[in-house]
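Since we're looking at a predicted model, the values are computed, not measured. Just the heavy atoms: all of them, side chains too, but no hydrogens, waters or symmetry mates, feed the values below.
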Amino acid sequence: MIFYNKLAATPLFQGLTNSDLTQIIGQTKFSFYKFASDKTIRNEGEPCRSMAFLLSGTARVITYSDDHGFSIEETIAAPYILQPERLFGLNQRYTHNFIASSECDIMEIDKNDILRLTDEFVILRINLLNIISTLSQKATRPLWQPSPDNDEGRIIRFLKSRCSSPVGKKTIRIKMTRLAQETGLGRLAVSKELNRLQERGLLVFSRGIITITNMEKL
């Protein structure tokens, strides 16, 4: 019953009837894994051959720039699907590192079983399309928003546009010179604006690390 309830709570299986869920559980192979705190669940560049679900616990998600010159760390909590868009398309590899923050339970369903289930259950197919479409829309929308007309706005936009979620705690590891390069500002201007944001209690920065407790306040 506990597994049944956890499965029904995941975004992919929401809206299915009790009969549908019972049928899926009886005909599908589920793989289960437990990860202790600080253990790596997935690595950037690892092939995505199955859909992985975080059923319980919390995890850190670390995303690097292509040259690994800076990174952003965020937190996710169950229920959560680990990069479902990477199961299909041109690049079928994870682009984040997922590291357990607490003890985590992970469930996996093979790609072939996902294809079979989306063929058999229309609601599940619609759920998957909605999940991938939402991720695509969130990724492209910021490109069309007006550019900030001040230094503070440029820094905030740089930080927000690279986060998967607009809320929660974020840890950005980036050198001052790199942040200046990315925002088109001078190093002194970046330092000045970060100090202002820190004085207002919106972030804390030191030695190449910017910590934002509540991203939504920015």
Residue pairs involving residues 203-218 (criterion side chain to side chain donor-acceptor pair (under 3.5 Å); sequence neighbours excluded):
none
Residue pair [X] / [Y]: nearest heavy atoms and the distance that separates them:
X	Y	answer
Leu179	Val190	CD2-CG1, 3.5 Å
Tyr94	Pro47	CE1-O, 3.8 Å
Thr40	Phe35	O-CE2, 3.4 Å
Pro11	Ile131	CB-CD1, 3.9 Å
Met51	Ile81	CG-CG2, 3.7 Å

Is there any ring-ring contact (aromatic ring centres under 6.0 Å, His included) pair reaching into residues 154-209, and which pairs are they, with sequence neighbours excluded?
Phe70-Phe158
Qualifying ring-ring contact (aromatic ring centres under 6.0 Å, His included) pairs with a residue from residues 175-198, counting only residues at least two apart or across chains
none
Is there side-chain contact between [X] and [Y], with at least one heavy-atom pair below 4.5 Å?
X	Y	result
Glu182	Arg162	yes
Ser164	His96	yes
Leu7	Met107	yes
Leu12	Ile114	yes
Ile99	Glu73	no

Closer than 3.5 angstrom, by distance alone: can the side chain of [X] be matched with the main-chain N or O of [Y] as a donor-acceptor pair?
X	Y	result
Ser37	Ser101	yes
Arg157	Pro146	yes
Lys170	Ser165	yes
Ser191	Arg187	no
Ser136	Ile132	no
Lys169	Thr75	no
Ser102	Thr58	yes
Glu46	Arg93	no
Asp110	Ser50	no
Arg86	Asn91	yes

May I ask you to decide whether Arg196 forms a salt bridge with Glu193, counting only side-chain N to carboxylate O separations under 4.0 Å?
yes
So, are Asp67 and Arg178 salt-bridged, with charged N and O less than 4.0 Å apart?
yes
Partners meeting salt bridge (charged side-chain N to carboxylate O under 4.0 Å, His left out) with Arg141 (sequence neighbours left out)
none
Kindly list each side-chain donor-acceptor pair under 3.5 angstrom involving residues 25-34, sequence neighbours excluded, with atom names and distances?
residue: Thr28; atom: OG1; partner: Ile24; partner atom: O; Å: 2.8
residue: Thr28; atom: OG1; partner: Arg116; partner atom: NH2; Å: 3.1
residue: Lys34; atom: NZ; partner: Asp105; partner atom: OD1; Å: 2.6

Under the side-chain hydrogen bond (donor to acceptor under 3.5 Å, both in side chains) rule, collect the residues that match up with Thr95, sequence neighbours excluded.
Gln83
